[in-house]
S.K.: 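Can you keep this structure in mind? I'll have questions shortly.
Here is how names work: the chains are called A, B, and so on, in the same order as the sequence lines, proteins then strands, and each is numbered from 1.
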Amino acid sequence: MTDAAATPPAGDADEGALPKAYDARAAEAHWYRVWQDAGVFTPDVAAVQAGRQRPYVIMMPPPNVTGSLHMGHALFVTLQDILTRTHRMRGEAALWLPGVDHAGIATQTVVERELKRHEGKSRHDLGREKFLERVWEWKEKNGSRIVEQLKAMGASADWTRERFTMDAQCNRAVKEAFVRMWRDGLIYRGERLVNWDPATGTGLSDEEVEHEEKDGELWRFAYKVKGGGPLNAKSFPSPQHDDGRAATVMLPADDALEIVVATTRPETMLGDVAVAVHPEDPRYTALVGRELVHPFFPERKVVVIADAAVDREFGTGAVKITPAHDPNDFEMGQRHGLPMINIFTLHAATNENAGVFEGFDRFLARKRVKAALEELGLFRGTSPIKHNVSVSQRSGAVIEPLLSRQFFVKTKRFAEQALSIVERGETRIIPEWWKKTWDHFMHNIRDWNVSRQLWWGHRVPVFYDLTKIDEVIEADANRKGTNTAAVKAQADGVRGRELLRIALSTLDDELVMKLAVASTDELEQQDPERWVQEEDVLDTWFSSGLWPFSTLGWPESTHDLKAFYPGAVLETGSDILFFWVARMVWMGAYFLGRSPFADVFLHAMVRDGAGKKMSKSEGNAVDPLDVIHGIALPELLAKTKTYPVPEKKLAAVLKAIEKEFPEGIPAAGADGLRFTLAALSAHGRDVKLSIPRAAGYKAFLNKIWNATRFVLMRVGDAPVPALAEVRDQLSLGDRWILSRLQRATRAVSDAIDAYRFDEAANAIYQFFWSELCDVYVEITKGAIDKPATRATLLHALDTSMRLLHPLCPFQTEEIWQKLPGRDARWPSTKFCAVAPWPTPDLALVDENAEREMAVVLDAVTMARNVRQESGLGPRAPVKVDLVTQDQDVFAILGRQSALIALLAALSEVNRATSAGYQAPRLSGTQSNGVLDVVVHLEGLIDVDKEKARLQREIERAQKDKAGLEKRFANEDFVKKAPPEVVAEGRATMAALDEKTARLGAALGRLG
RNA sequence: UGGCUCGUAGCUCAGUGGUAGAGCACUACCUUGACACGGUAGGGGUCGCUGGUUCGAUCCCAGUCGAGCCAACCA
């Protein structure tokens, strides 16, 4: 416990009283520091191991080190912190383990960009080692920004256990995991078509590729069949020269037999090795097996093959096959044993295999190829087509399928385990409809490409043995002949690392595996003459997959690991279910034999007020910090201008902001933003962040503040007995609010346990405002000096603060600390943050009090209604008769007429039984069918208004009655509906009749 | 193309097999010693559309239209 806890935040002058307004900024900074200094966020491992405390563990999804707080972060912080704080208050050892992700591509790109801008250098100019030093420098300088922002949200994470996915501990886990998987035969090296991102120069996993529908064209051209006649020289403009020089090729005559293919990527024809048709397509059966003339590579063998995968309906029914540049073609190439001709460099420019088309960017190459084919008379028309283009999630560049050698993880076993884990309920997915998506993904998973051609990341712990290289090259030559690049290099005297480089890119993979060893030791450092480490790094998600246990010290068997694995829940956005959640389940099950969490809760996406995805480049991203602190319109506009919004969109974007936020964004405080996000996060629905709604919840927090001010002012320093001491002195109001409080407690608790954060928010909101403030506080105004009332009021406020604390930690702590008698009530509890979580006390649930209060409140509302509608001022003295034929109600009125008078501000209340009651001629009447409220109106009334009101009430009652009559008109209803429903209907009809009669009589009296 | 989610008051959203709810906005009155970021009362909905099951459907089922997400895909 520190002194700071006893020190009020700045600006507090009055002793005992609360300042008029809550200073969110000061309170947030103050309490966060105090909690952290007191070690509130750090759980007691020893207590867990000794069995004194149950663990409750959430692993925080590590935000990218390059990131700055966005609404998605704000949402996950809010939800995870609610869970963590609730369980902490329940006395569990709550561990919310935070950290930051090294985010391979993103971080490398950021640092490269800075390097370019400030020093005009590329990473290659620096070299790998120097460059990585720069990245680490950048991380040290900027990496804490996102962490500070999470803290500003109130995240009660255990920062003493904060991890970075690239720190030594995580690195050790990564190496260990890789090596074990390697030994178990789960990792292989393969030459595959990978998703190549030419902008960042690396391969990507399938999950990192997005599909965008775009307009394209289906371009048709002809391949001439070989052997149909003599070849003629034809020329086309040389793509290498713009001066009109021509290149020449030999082609069959124009009227020779041909086959027309359709493609969206004409430039890939430079790598064509076949044309495929459907085996049963009568148009082409005669051509199957024939050779075709490639216009630019006459020596290349291009054959017509038959394959059932061809769609006869699409295009011309004939497909050009480029195995090195299209996934489907790759598979077809495998089936038919076709060669693969790679025509692109790593930057997606044409390479030497493109012949005269070498050296063009892929899009320029497309133009040149098309021009050439047109000139040669092979063009056969074009048609528009909508098709999906694969785009890198990171860089936005169009993905180039590229033949490349990479390490893959076999996923079949993992997927089967993941299916079974969810199937048998070891891990629940919530909302549960995601299970179907999970199953579908696991059933259709392909092997996971874990290599990344980056520098920033965990370097693949594979080492190549230079002492074995000659032997392997020889083995390769035995298979393929001595004409291989490696053999040639050997003959030229190339040795060591350079020879290895050549071998790695040309030798068969299983031979490469013979000289490769996976090891957790730094073999290359130990013996650089013998060992060379793999250049590539691992996919970021590889280290993220180990997060639930690498953070706890795995592979060591640490106390943390024993105490805190597996965790309780993994909470994250549904968009990374596969990237991350799946991989954690795979690896957790594989290395520790158990799924890393009991529940997976997937929250929705945060969108803007119009329902659009928030994105900086769309200019519609709302910065959580602007909602917390507020921002004026000019600053908001200025800020938006710094976002990467396309030039031509900017004006419209700014206009939209002006329209949506004419006054800027009002400050909601961290608590306000948290409450708003929680209240809006219903299952199965995106969170559309509504600023007006946030303002509404800010008003709620203001209401709480002021209710507390009232209590502090009125209760002051006077002694407040414990609730238990005054149990036998409770008034109806006391018993009622305590009963309602138990229900609210149950509702909030249940909602949080069910991840229904919206329900939790609504339950506390509803209770505090509509019941505690609107009714109970009003009641206490007449009875604040009674010990039972003070005890009840404080108990209700105290309990409410504890219930609300997980949602709004700062303001509740600020208030809770100042509640009168806090030290006496909670002698051993220093903070609301660790105060006991409220549990419903069934002994305080009081059905009778609730029923009685319902009668009171009904009477009050009816009295107020007459008073308002008949134009009586709020202060006019009003005399009311309460009339009923119901004995219970009559008895209640006897007990509670003073309460009714208080709440409805009546000057006089009398009760009467229906029999023999004579209403005054000038009166306003309201009835619910059981109880009539008759307001004396002599000298006060606007008779016409009152008549109109009565008329309206009668019409409404009759309309309701008609609905019920219709139901009863159906004989089957009475026969088949449950008796209680029928009885209820009858009672309602009777009450409506009664109400109509009463109001009719009142109308009659008015003349 | 398949899977999933959503379509309820002007807006943002809850909800249930038994005559529809909240917040904001709206109307009227009220500056009452906690709070105008407030109080009181009130207006406002054929619960996307069409069928079916049922005594009864906003809720269950089928279809349909619309919005969105995910996965796949025809080159």
S.K.: For the P atoms, the ones on U46(B) and on A20(B), what distance do you get once it is rounded to whole angstrom?
M.R.: 13 Å
S.K.: Name the nucleic acid region contacted by Asp774(A), choosing base, sugar-phosphate or nothing; use a 4.0 angstrom heavy-atom cut-off, strictly under.
M.R.: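 Since only primed, P, OP1 and OP2 atoms lie under 4.0 Å of Asp774(A), the category is sugar-phosphate.
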S.K.: So do Phe675(A) and Lys698(A) actually touch side chain to side chain, heavy atoms under 4.5 Å?
M.R.: no
S.K.: RNA chain B: Asp972(A) or Leu964(A), which has the more 5' nearest nucleotide?
M.R.: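 Upstream on the strand: Leu964(A).
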S.K.: NA contact type, Arg446(A), heavy-atom cut-off 4.0 Å: base, sugar-phosphate, or nothing?
M.R.: nothing
S.K.: Name the closest nucleotide to the Cys773(A) side chain, picking from A34(B), U12(B), A75(B).
M.R.: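 So the side chain of Cys773(A) is nearest to A34(B).
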S.K.: Take atom C1' in U27(B) and the same atom in U54(B), then report the distance between them in whole Å.
M.R.: 42 Å
S.K.: From the list U19(B), A34(B), A75(B), which nucleotide is the closest neighbour of the side chain of Thr988(A)?
M.R.: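 For Thr988(A), the side-chain atoms sit closest to U19(B).
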S.K.: Can you tell me the distance, in whole Å, between the CZ atom of Arg709(A) and the C1' atom of A36(B)?
M.R.: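 Going from CZ in Arg709(A) over to C1' in A36(B) covers 14 Å.
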S.K.: Which of these nucleotides, G18(B), U12(B), C35(B), is closest to any side-chain atom of Leu680(A)?
M.R.: U12(B)
S.K.: Is any side-chain heavy atom of Glu814(A) closer than 4.5 Å to a side-chain heavy atom of Trp705(A)?
M.R.: yes
S.K.: It should be established whether Lys703(A) places a side-chain nitrogen or oxygen under 4.0 Å from OP1 or OP2 of nucleotide G39(B).
M.R.: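 Indeed, a polar side-chain atom of Lys703(A) lies that close.
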S.K.: So do Val622(A) and Met71(A) actually touch side chain to side chain, heavy atoms under 4.5 Å?
M.R.: yes
S.K.: Would you classify Arg864(A) as touching base, sugar-phosphate or nothing, given that sugar-phosphate means primed atoms plus P, OP1 and OP2, and contacts are heavy atoms under 4.0 Å?
M.R.: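 It contacts sugar-phosphate atoms only.
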S.K.: Over all strands shown, is Glu778(A) touching base, sugar-phosphate only, or nothing at heavy-atom distances under 4.0 angstrom?
M.R.: base
S.K.: So if I take every side-chain heavy atom of Ala699(A) and compare against A14(B), G38(B), C13(B), which nucleotide ends up nearest?
M.R.: G38(B)
S.K.: Between U40(B) atom C1' and Glu869(A) atom CD, what is the distance in whole Å?
M.R.: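 After rounding, the reported distance stands at 11 Å.
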S.K.: Can you tell me the distance, in whole Å, between the NZ atom of Lys698(A) and the P atom of G38(B)?
M.R.: 10 Å
S.K.: For Glu980(A) and G56(B), give me the distance from atom CD to atom P, rounded to whole Å.
M.R.: 18 Å
S.K.: Say whether His278(A) and Asp307(A), considering side chains only, have a donor N or O and an acceptor N or O under 3.5 Å apart.
M.R.: no
S.K.: Regarding Pro431(A), tell me which of base, sugar-phosphate or nothing describes its non-hydrogen contacts under 4.0 Å with the strands shown.
M.R.: nothing
S.K.: Tell me which nucleotide among C4(B), A75(B), A22(B) gets nearest to the side chain of Lys436(A).
M.R.: C4(B)
S.K.: Roughly how many Å apart are G7(B) and G48(B), using the C1' atom of each and rounding to a whole number?
M.R.: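 Between the two C1' atoms, the distance is 6 Å.
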S.K.: Heavy atoms under 4.0 Å, any strand shown: does Thr861(A) hit a base, just sugar-phosphate, or nothing?
M.R.: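 Thr861(A): backbone/sugar contact only, no base atoms under 4.0 Å.
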S.K.: Write down the distance separating the C1' atoms in G66(B) and A75(B), rounded off to the nearest Å.
M.R.: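 Comparing C1' positions in G66(B) and A75(B) gives a spacing of 32 Å.
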S.K.: Is any side-chain nitrogen or oxygen of Arg867(A) closer than 4.0 Å to OP1 or OP2 of A41(B)?
M.R.: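 Result: no.
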S.K.: Hey, does Trp769(A) reach any base, or is it just sugar-phosphate, or nothing, if we go heavy atoms under 4.0 Å?
M.R.: sugar-phosphate
S.K.: Taking atom C1' in both U5(B) and U31(B), what distance in whole Å separates the two?
M.R.: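 About 48 Å, rounded to a whole number of Å.
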S.K.: Can a side-chain donor-acceptor contact be found between Asn762(A) and Asp758(A) if the only test is distance below 3.5 angstrom?
M.R.: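 Looking only at side-chain atoms, Asn762(A) and Asp758(A) do not form any donor-acceptor pair under 3.5 Å.
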S.K.: With a non-hydrogen cut-off below 4.0 angstrom, is Asn865(A) in contact with a base, only sugar-phosphate, or nothing?
M.R.: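 Touches sugar-phosphate only.
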S.K.: Between U16(B) and C61(B), how far apart are the two P atoms, rounded to whole Å?
M.R.: 14 Å
S.K.: Closest-nucleotide mapping onto RNA chain B: is Met989(A) or Leu218(A) further toward the 5' terminus? I mean the 5' end.
M.R.: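 Per heavy-atom nearest nucleotide, the more 5' residue is Met989(A).
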S.K.: Under 4.0 Å, heavy atoms only, any strand: does Lys781(A) hit a base, just the sugar-phosphate, or nothing?
M.R.: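 Counting heavy atoms under 4.0 Å across all strands, the contact made by Lys781(A) includes a base.
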S.K.: Can you establish whether the number of heavy atoms outside Glu980(A) located under 6.0 Å from its atom CD is more than 12?
M.R.: yes
S.K.: Given U19(B), G18(B), U12(B), identify the nucleotide with an atom nearest to the side chain of Ser690(A).
M.R.: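 Of the options given, the side chain of Ser690(A) lies nearest U12(B).
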S.K.: If you measure from the P atom in U40(B) to the same atom in C35(B), how many Å do you get, rounded?
M.R.: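 Rounded to whole Å, the distance is 15 Å.
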S.K.: For A36(B) and A25(B), measure between their P atoms and round to the nearest Å.
M.R.: 15 Å
S.K.: With a 4.0 Å cut-off on heavy atoms, is Lys20(A) in touch with a base, just the backbone sugar-phosphate, or nothing at all?
M.R.: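 Sugar-phosphate contact only - Lys20(A) comes under 4.0 Å of backbone atoms but never of a base.
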S.K.: At under 4.0 Å between heavy atoms, what does Arg714(A) touch on the DNA or RNA strands: base, sugar-phosphate, or nothing?
M.R.: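 If one applies the 4.0 Å heavy-atom cut-off, Arg714(A) turns out to touch the sugar-phosphate alone, with no base involved.
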S.K.: Check the side chains of Tyr223(A) and Asp272(A) for a donor-acceptor pair under 3.5 angstrom, ignoring hydrogens and angles.
M.R.: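 A pair is found: one side chain offers a donor N or O, the other an acceptor, under 3.5 Å apart.
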S.K.: Would you indicate what Asp960(A) reaches in the nucleic acid, counting non-hydrogen atoms under 4.0 angstrom: base, sugar-phosphate, or nothing?
M.R.: base
S.K.: Roughly, in whole Å, what's the span from CZ in Phe968(A) to C1' in G18(B)?
M.R.: 11 Å
S.K.: Can you tell me the distance, in whole Å, between the CD atom of Glu955(A) and the P atom of U19(B)?
M.R.: 22 Å
S.K.: Quickly work out the His325(A) NE2 to A75(B) C1' distance and round it to whole Å.
M.R.: 15 Å
S.K.: Are the side chains of Gln926(A) and Glu869(A) in contact, using a 4.5 Å heavy-atom criterion?
M.R.: no
S.K.: Provide the Watson-Crick or G-U wobble partner of G38(B), both distances under 3.5 Å; none if there is no partner.
M.R.: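 When the pairing criteria are applied, C30(B) turns out to be the nucleotide that pairs with G38(B).
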S.K.: Reckon Arg956(A) touches a base, only the sugar-phosphate, or nothing at all at heavy-atom distances under 4.0 Å?
M.R.: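 Sugar-phosphate only.
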S.K.: Across the strands shown, which category fits Phe441(A) at heavy-atom distances under 4.0 angstrom: base, sugar-phosphate, nothing?
M.R.: nothing
S.K.: Taking only the side-chain heavy atoms of Lys688(A) (C-beta and beyond), determine which of C55(B), A34(B), U12(B) contains the nearest atom.
M.R.: U12(B)
S.K.: Under a 3.5 Å limit for both distances, which nucleotide forms a Watson-Crick or G-U wobble pair with C6(B), could you say?
M.R.: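 Answer to the pairing question: G66(B), which forms a Watson-Crick or G-U pair with C6(B).
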S.K.: Could you tell me if the side chain of Leu75(A) sits less than 4.5 Å from the side chain of Ser681(A), heavy atoms only?
M.R.: yes
S.K.: Can you classify the ring geometry of Phe768(A) versus Phe700(A) as parallel (below 30°), tilted (30 to 60°) or perpendicular (above 60°)?
M.R.: perpendicular
S.K.: State which of C35(B), C55(B), C37(B) makes the closest approach to the side chain of Ala977(A).
M.R.: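 Within the option list, the nearest is C55(B).
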S.K.: Out of A75(B), C4(B), C55(B), which has the shortest distance to the side chain of Lys976(A)?
M.R.: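 Among A75(B), C4(B), C55(B), the one nearest the side chain of Lys976(A) is C55(B).
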S.K.: Rounded to whole Å, please give me the gap between CZ in Phe710(A) and P in G39(B).
M.R.: 14 Å
S.K.: Gln868(A) side chain: which of G23(B), A34(B), C29(B) is closest?
M.R.: C29(B)
S.K.: Only pairs with both distances under 3.5 Å count, Watson-Crick or wobble alike; so what is the partner of G23(B) in this structure?
M.R.: C11(B)
